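Since the structure comes first, as structure tokens, the remarks are kept for the end.
Please read these numbers as outputs of a predicted model, since none were measured by experiment. Just so you know, ligand 1 is whichever comes first in the structure, and atom 1 is the first atom listed for that ligand.
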Amino acid sequence: MAGGKITTKEKILNLLTENANSFISGQEIADKLFLTRAAVWKSIKSLQAEGNNILAVNNRGYCLLSDSQPLSGAMIEAELQYASGNIEVIFLDETESTNDDAKRLGNEGYEKNAVIISDYQSKGKGRRGRSFSSPKGLGLYMSFLLHPDIRVEDAYLLTCAAAVATARAISQITGKDADIKWVNDLYLGSKKICGILTEGSVSLETTGLDYAVVGIGVNIFAPNEGFPPEIRDVAGALYEGGQAPDNVRNKLCAAIIDNFLKMTDEGDRTFVKEYRDRSNLIGHYVKVNPYGDTGRKLEGYAKVLDIDDNCHLVVEYENGVRESLSTGEVSVRKY
Ligand code: BTN
């Protein structure tokens, strides 16, 4: 402040701070502060030069990023390309589980496609009743609510498509190459950085899929205190030290939405090739553990020969017997 009089720049910064992490248009700032848009732009440039992290986006306006890597619904929407206008983006600062939120929406009869994104989950869910650690500010926790016209038995292909969409988005935004561990985990080297949980509701009338919920959790930054002891051996993050690109969480989130929506709109299986190419199981030995009441006979150690066009894992047991494993039938541990 100069001589007790608040300057134009300070007024603009105050306005941006009140709206931190959301966009406010140049016109709105100009109207509120009785300025021309040119004067607003001049002050914004000067504030940026002083080190304030202000995004300027055509047709959206200005957005002050209040911490170094915030997650914001407005910024995710601003980054969307293919999916822009094709999906409802619902952003929550915190929630119990975005999968549960999406299912609730589905049960209420919400007919549009939606993606629910949260900065923190207090009851993040993993597969088989496990929890999914979802600390604030460090990851990406998002669930799609979709109404695909597919058979119930093909619903697992959504999981495989989501794995490819996420791996592809990671390459596009961070330049890092994630592997896919059949069925629904992404790995960087030996560390799991992403898990996917697909749930759904079956219509009793048509016996088709009423809706599907595809939940994706990505560890972007590692917690300062380390991962919880129960997952410490296996969990990793995209950035464990090293400089992350600006705005990486919003950009990655938007790229996942763009990639995944495009794949589900196309509705074909062209993603299977990339799924296979990114597999970290082909050529390795796995332990096949049946679970549930599946009537499976075979179990034990097997070599992974391939992933077929249905995303089934083709394995050969030590006695030479070959089998094609479908998701949900078995759990596989890599050796
Ligand atoms: C797994 O690794 O077992 C699957 C983890 C899936 C986590 C995501 S985070 C967003 C969505 N909401 C949840 O409660 N779970 C999924």
Side-chain angles (χ1 to χ4, degrees), residues 71 73 76 87 89-107 113-146 155-156 158-167 169-170 178-188 190-201 211-223 227-228 230-238 249-250 252-257 259-260 280-281 289 291-292 327-328 330-334:
L71 192 65
I76 292 164
I87 192 162
V89 176
I90 301 170
F91 182 80
L92 307 167
D93 280 330
E94 59 181 82
T95 188
E96 290 192 346
S97 155
T98 54
N99 261 37
D100 287 349
D101 294 332
K103 282 198 291 183
R104 207 169 299 121
L105 217 52
N107 290 339
N113 289 338
V115 55
I116 301 179
I117 304 152
S118 184
D119 198 19
Y120 168 68
Q121 295 185 122
S122 55
K123 288 189 184 157
K125 300 191 306 182
R127 291 195 315 280
R128 289 182 227 146
R130 296 194 194 110
S131 62
F132 185 80
S133 169
S134 313
K136 189 171 175 58
L138 301 182
L140 209 48
Y141 319 116
M142 58 199 289
S143 299
F144 289 88
L145 170 66
L146 303 172
Y156 72 92
L158 288 171
T159 308
C160 303
V164 172
T166 306
I170 289 172
D179 297 328
I180 299 174
K181 175 165 175 274
W182 187 83
V183 185
N184 35 3
D185 291 334
L186 296 193
Y187 273 69
L188 263 192
S190 60
K191 296 291 186 174
K192 172 172 164 176
I193 51 136
C194 167
I196 300 170
L197 175 65
T198 300
E199 302 181 86
S201 160
Y211 65 78
V213 167
V214 182
I216 304 173
V218 189
N219 303 331
I220 298 189
F221 303 107
F227 286 99
E230 62 280 11
I231 56 170
R232 195 160 288 168
D233 286 346
V234 73
L238 280 172
R249 291 203 297 154
N250 296 305
L252 185 59
C253 185
I256 294 172
I257 298 172
N259 286 329
F260 188 49
N280 66 3
L281 289 187
N289 306 307
Y291 71 89
T327 70
V330 292
S331 68
V332 156
R333 293 213 272 143
K334 187 177 171 186

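In terms of protein heavy-atom proximity, atom 2 (O) of ligand 1 is nearest to Lys192 NZ, 2.6 Å. Atom 5 (C) of ligand 1 has as its closest protein heavy atom Phe132 CD1, 3.4 Å. What sits closest to atom 10 (C) of ligand 1 on the protein, heavy atoms only, is Thr98 OG1, 3.3 Å.
Note on Arg127 versus Asp185: salt bridge recorded, some NZ/NE/NH1/NH2 to OD/OE distance being below 4.0 Å. A salt bridge links Glu199 with Lys103; the closest basic N to acidic carboxylate O contact falls under 4.0 Å. With respect to Asp119 and Arg249, a salt bridge is recorded, a charged nitrogen being found less than 4.0 Å from a carboxylate O.
Of all the heavy atoms of Ile216, the ones lying under 4.0 Å from any atom of ligand 1 belong exclusively to the backbone.
Taking any N or O of Lys123, backbone or side chain, none lies under 3.5 Å from an N or O belonging to ligand 1.
Side-chain contact of Asn107 with Tyr211: a donor-acceptor pair under 3.5 Å is present, judged by distance alone.
For ligand 1 and Ile196, the ligand atoms under 4.0 Å from any heavy atom of the residue are 4 (C). Contact atoms of ligand 1 toward Met142: 10 (C) (distance under 4.0 Å to a heavy atom of the residue). Annotation for ligand 1: atoms under 4.0 Å from non-hydrogen atoms of Ser143 are 11 (C), 12 (N). Close contacts of ligand 1 with Gly126, meaning ligand atoms under 4.0 Å from a residue heavy atom, involve 1 (C), 3 (O), 4 (C), 5 (C). In summary, the atoms of ligand 1 found under 4.0 Å from a heavy atom of Gly124, numbered by their order in the structure, are 14 (O).
Of the listed options Arg127, Glu199, Gln121, Lys125, Gln121 places a heavy atom closest to atom 12 (N) of ligand 1.
Checking side-chain atoms of Ser118 against main-chain N and O of Gln121 turns up no donor-acceptor pair under 3.5 Å. The backbone N or O of Gly124 sits nowhere less than 3.5 Å from a side-chain atom of Glu96 that would complete a donor-acceptor pair.
Among all heavy-atom pairs drawn from Leu105 and Ala114, the shortest one is CD2-CB, 4.3 Å. Across every non-hydrogen atom of Ile117 and Met142, the tightest pair is CG1-CB, 4.0 Å.
The shortest separation from a heavy atom of Glu96 to ligand 1 is not under 4.0 Å, leaving the residue out of contact.
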